[in-house]
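To start, the structure itself, in structure tokens.
Since we're looking at a predicted model, the values are computed, not measured.
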Amino acid sequence: MSLRLEKLPDRTPVRMTISADPDLAAALTDYAEIYRQTYGAEEKPETLIPAMLEMFLGSDPGFRRARRALHTNASKGD
């Protein structure tokens, strides 16, 4: 049988641990507070960080081009 929708990729979350300097940690805490004030929903900084990273990476055209080239070269065996 053939379906239009291809098999979904692995969507299992990968846990990562990061260290942030105090200024960045404070900025992330402030962002979470501003998010709460804006949307009326309380979210911890660690919950917002993945969405922030996705948005940052998705808005970087240089990264997208380089990543596409990286995977193209890898699939060619370079």
Side-chain angles (χ1 to χ4, degrees):
M1 175 183 284
S2 178
L3 299 175
R4 270 189 188 263
L5 180 65
E6 294 181 10
K7 184 177 178 187
L8 295 176
D10 183 7
R11 295 176 292 156
T12 304
V14 176
R15 181 167 292 280
M16 301 176 93
T17 302
I18 65 165
S19 295
D21 64 41
D23 289 339
L24 177 57
L28 291 168
T29 300
D30 290 346
Y31 193 97
E33 173 57 21
I34 295 165
Y35 182 95
R36 185 194 65 74
Q37 291 174 9
T38 302
Y39 297 112
E42 189 167 338
E43 298 289 349
K44 294 181 179 182
E46 54 269 26
T47 304
L48 296 172
I49 291 170
M52 296 166 86
L53 290 172
E54 283 184 36
M55 180 175 280
F56 174 80
L57 293 174
S59 68
D60 185 335
F63 170 72
R64 287 195 313 268
R65 280 191 302 276
R67 187 172 191 215
R68 206 170 22 254
L70 177 70
H71 288 283
T72 300
N73 292 338
S75 66
K76 292 179 182 177
D78 292 346

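Applying the ring pair (Phe, Tyr, Trp, His ring centres under 6.0 Å) test to residues at least two apart or on different chains, the pairs with a partner in residues 25-54 are Tyr35-Tyr39.
Atom CZ of Arg67 has 12 or fewer neighbouring heavy atoms from other residues, nucleotides or ligands inside a 6.0 Å radius. Within 6.0 Å of the CD atom in Glu42, the count of heavy atoms belonging to other residues, nucleotides or ligands does not exceed 12.
Residues passing the salt bridge (charged side-chain N to carboxylate O under 4.0 Å, His left out) test with Glu33 are Arg36, sequence neighbours excluded.
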Would you list the atom pairs, donor with acceptor, under 3.5 Å between side chains in residues 44-62 and any protein atom, with sequence neighbours excluded?
| from | atom 1 | to | atom 2 | distance (Å) |
| --- | --- | --- | --- | --- |
| Ser59 | OG | Met55 | O | 3.1 |
| Ser59 | OG | Phe56 | O | 3.0 |
| Asp60 | OD1 | Gly62 | N | 3.1 |
| Asp60 | OD1 | Phe63 | N | 3.0 |

For residues 11-24, which side-chain donor-acceptor pairs fall under 3.5 Å, sequence neighbours excluded?
| from | atom 1 | to | atom 2 | distance (Å) |
| --- | --- | --- | --- | --- |
| Thr12 | OG1 | Asp10 | OD1 | 2.7 |
| Asp21 | OD1 | Asp23 | N | 3.1 |
| Asp21 | OD1 | Leu24 | N | 2.7 |

